[in-house]
*Asks:* 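Structure in structure tokens, see below.
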Amino acid sequence: MAELKTQKTNASVAEFLTGIDDETQRRDSKELTKLMGALTGEKPQMWGSSIVGFGSYPYQNRSGAAEWFKVGFSPRKKTLTLYLMDGFVGYDTLLSGLGKHSTGKSCLYVKRLADIDRIVLEKLIAESIASVNMRIAAHD
């Protein structure tokens, strides 16, 4: 089985956040850390060198069993990438009220938090976490 490139590390989340050069991204990243921590009840942990993840769960991918975070984010050069692990099927209404964004399979891309509705974002993250938690419980 192939091992995932991105693994949980012991690197300091606080140091990572402090080291973000762009002031807006640094502020937004700190806000996301508080929000995701509150919604998951989990402490943030670094995954690889640039992803802040919360919680973890085992899942099956094409290569075999792996461990991944329940929800997370990464401040990239052009966007904040939020990882919502259940994807976006069924979230059309929330996404239509979110504001300026784009999506990938499980990635939500926003330039800055000021571009989106924070209440909608919180609902979207909370529903994603609940969905992941239900999948975990179903496999236990």
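All values below were derived from every heavy atom in this structure, side-chain atoms included, with hydrogens, water molecules and symmetry-related copies excluded. Numbers for residues simply follow the sequence, beginning at 1.
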*Asks:* Side chains of Met36 and Tyr83: does their closest heavy-atom pair fall under 4.5 Å?
*Replies:*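 Result no, sub-4.5 Å side-chain heavy-atom pair not found.
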
*Asks:* Would you please test Arg118 and Leu35 for side-chain contact (heavy atoms from CB on, under 4.5 Å) and show each step?
*Replies:* CA-CA 10 Å; Arg118 304 285 213 302; Leu35 175 62; over 6 Å; no

*Asks:* Check the hydrophobic clustering (I, L, V, M, F, W, Y; side-chain heavy atoms under 4.5 Å; chains of links allowed) and say if Val13 and Trp68 are grouped together.
*Replies:*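 No.
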
*Asks:* Only one of Leu80, Leu124, Ile116, Thr81 clears side-chain contact (heavy atoms from CB on, under 4.5 Å) with Leu108; which?
*Replies:*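 Per the side-chain contact (heavy atoms from CB on, under 4.5 Å) rule, the option paired with Leu108 is Leu124, out of Leu80, Leu124, Ile116, Thr81.
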
*Asks:* Which atom pair, heavy atoms only, marks the closest approach of Ser56 to Lys8?
*Replies:*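 Scanning both residues, the minimum pair turns out to be OG-NZ, 3.8 Å.
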
*Asks:* Could you state the interatomic distance from CE (Met85) to SG (Cys107), rounded to the nearest 0.5 Å?
*Replies:*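 Between Met85 CE and Cys107 SG, I get 7.5 Å after rounding to 0.5 Å.
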
*Asks:* After noting the C-alpha distance and the side-chain angles of Ile51 and Phe69, does the key distance pass the side-chain contact (heavy atoms from CB on, under 4.5 Å) rule?
*Replies:* CA-CA 10 Å; Ile51 298 174; Phe69 49 87; 3.7 Å; yes

*Asks:* Could you check whether any side-chain heavy atom of Phe54 comes within less than 4.5 Å of a side-chain heavy atom of Leu39, counting everything from C-beta outward?
*Replies:*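 Side-chain contact under 4.5 Å: no.
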
*Asks:* Determine, step by step, whether Leu121 and Leu82 satisfy the side-chain contact (heavy atoms from CB on, under 4.5 Å) criterion, reporting the C-alpha distance in whole Å, the side-chain angles of both residues, the deciding distance to 0.1 Å, and the verdict.
*Replies:* CA-CA 10 Å; Leu121 177 65; Leu82 286 73; 3.7 Å; yes

*Asks:* Counting only heavy atoms from other residues, nucleotides and ligands, does the tally under 6.0 Å from NZ of Lys111 exceed 12?
*Replies:*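 No, not enclosed.
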
*Asks:* Using a 4.5 Å cut-off on heavy atoms from C-beta on, say whether the side chain of Trp47 contacts that of Ser74.
*Replies:*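 No; the side chains remain at least 4.5 Å from each other.
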
*Asks:* Would you name the heavy atoms of Ser29 and Ile20 that are closest together and state the gap between them?
*Replies:*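 What the structure gives for the nearest pair is OG-CD1, 3.5 Å.
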
*Asks:* In terms of hydrophobic clustering (I, L, V, M, F, W, Y; side-chain heavy atoms under 4.5 Å; direct or indirect links), are Val52 and Tyr57 co-clustered?
*Replies:*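 Unlinked, Val52 and Tyr57 end up in two clusters.
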
*Asks:* Out of curiosity, Asp28 CG to Glu23 CD, how far, rounded to the nearest 0.5 Å?
*Replies:*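 Spacing of CG (Asp28) from CD (Glu23) equals 10.5 Å.
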
*Asks:* In terms of hydrophobic clusters joined by side-chain contacts under 4.5 Å, are Ile136 and Ile129 together?
*Replies:*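 No, it is not one cluster - the side chains of Ile136 and Ile129 are not joined through contacts under 4.5 Å.
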
*Asks:* Heavy atoms, side chains only, cut-off 4.5 Å: are Ser131 and Tyr91 in contact?
*Replies:*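 Touching, per the 4.5 Å side-chain cut-off.
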
*Asks:* Measuring only between side-chain heavy atoms, which start at C-beta, is Gln45 closer than 4.5 Å to Asn10?
*Replies:*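 They are in side-chain contact.
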
*Asks:* Given 3.5 Å as the limit, does a donor-acceptor pair link the side chain of Gln25 with the main chain of Arg112, or not?
*Replies:*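 Checked: no pair found.
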
*Asks:* Let me confirm one number: the CG-OG1 distance from Asp115 to Thr79, rounded to the nearest 0.5 Å.
*Replies:*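 Rounded to the nearest 0.5 Å, the CG-OG1 separation comes out at 11.5 Å.
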
*Asks:* Rounded to the nearest 0.5 Å, how far apart are CD of Glu42 and NZ of Lys70?
*Replies:*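 Rounded to the nearest 0.5 Å, the CD-NZ separation comes out at 5.0 Å.
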
*Asks:* In the structure I gave you, are the side-chain heavy atoms of Phe16 and Ser50 within less than 4.5 Å of one another anywhere?
*Replies:*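 They are in side-chain contact.
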
*Asks:* State, to 0.1 Å, how close Pro44 and Thr33 come at their nearest heavy-atom pair, and which atoms those are.
*Replies:*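 Where Pro44 meets Thr33 most closely, the heavy atoms are CG-CG2, 3.9 Å.
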
*Asks:* As an exercise, state the distance from OH of Tyr109 to NZ of Lys78, rounded to the nearest 0.5 Å.
*Replies:*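 Atom-to-atom, Tyr109:OH and Lys78:NZ are 13.0 Å apart.
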
*Asks:* Is there side-chain contact between Thr103 and Leu84, with heavy atoms separated by less than 4.5 Å?
*Replies:*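 No - every pair of side-chain heavy atoms lies 4.5 Å or more apart.
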
*Asks:* In terms of hydrophobic clustering (I, L, V, M, F, W, Y; side-chain heavy atoms under 4.5 Å; direct or indirect links), are Phe88 and Phe73 co-clustered?
*Replies:*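 Same hydrophobic cluster.
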
*Asks:* What's the shortest heavy-atom distance between Val132 and Asp86, and which atoms?
*Replies:*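 Shortest heavy-atom separation between Val132 and Asp86 comes out as CG2-N, 4.2 Å.
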
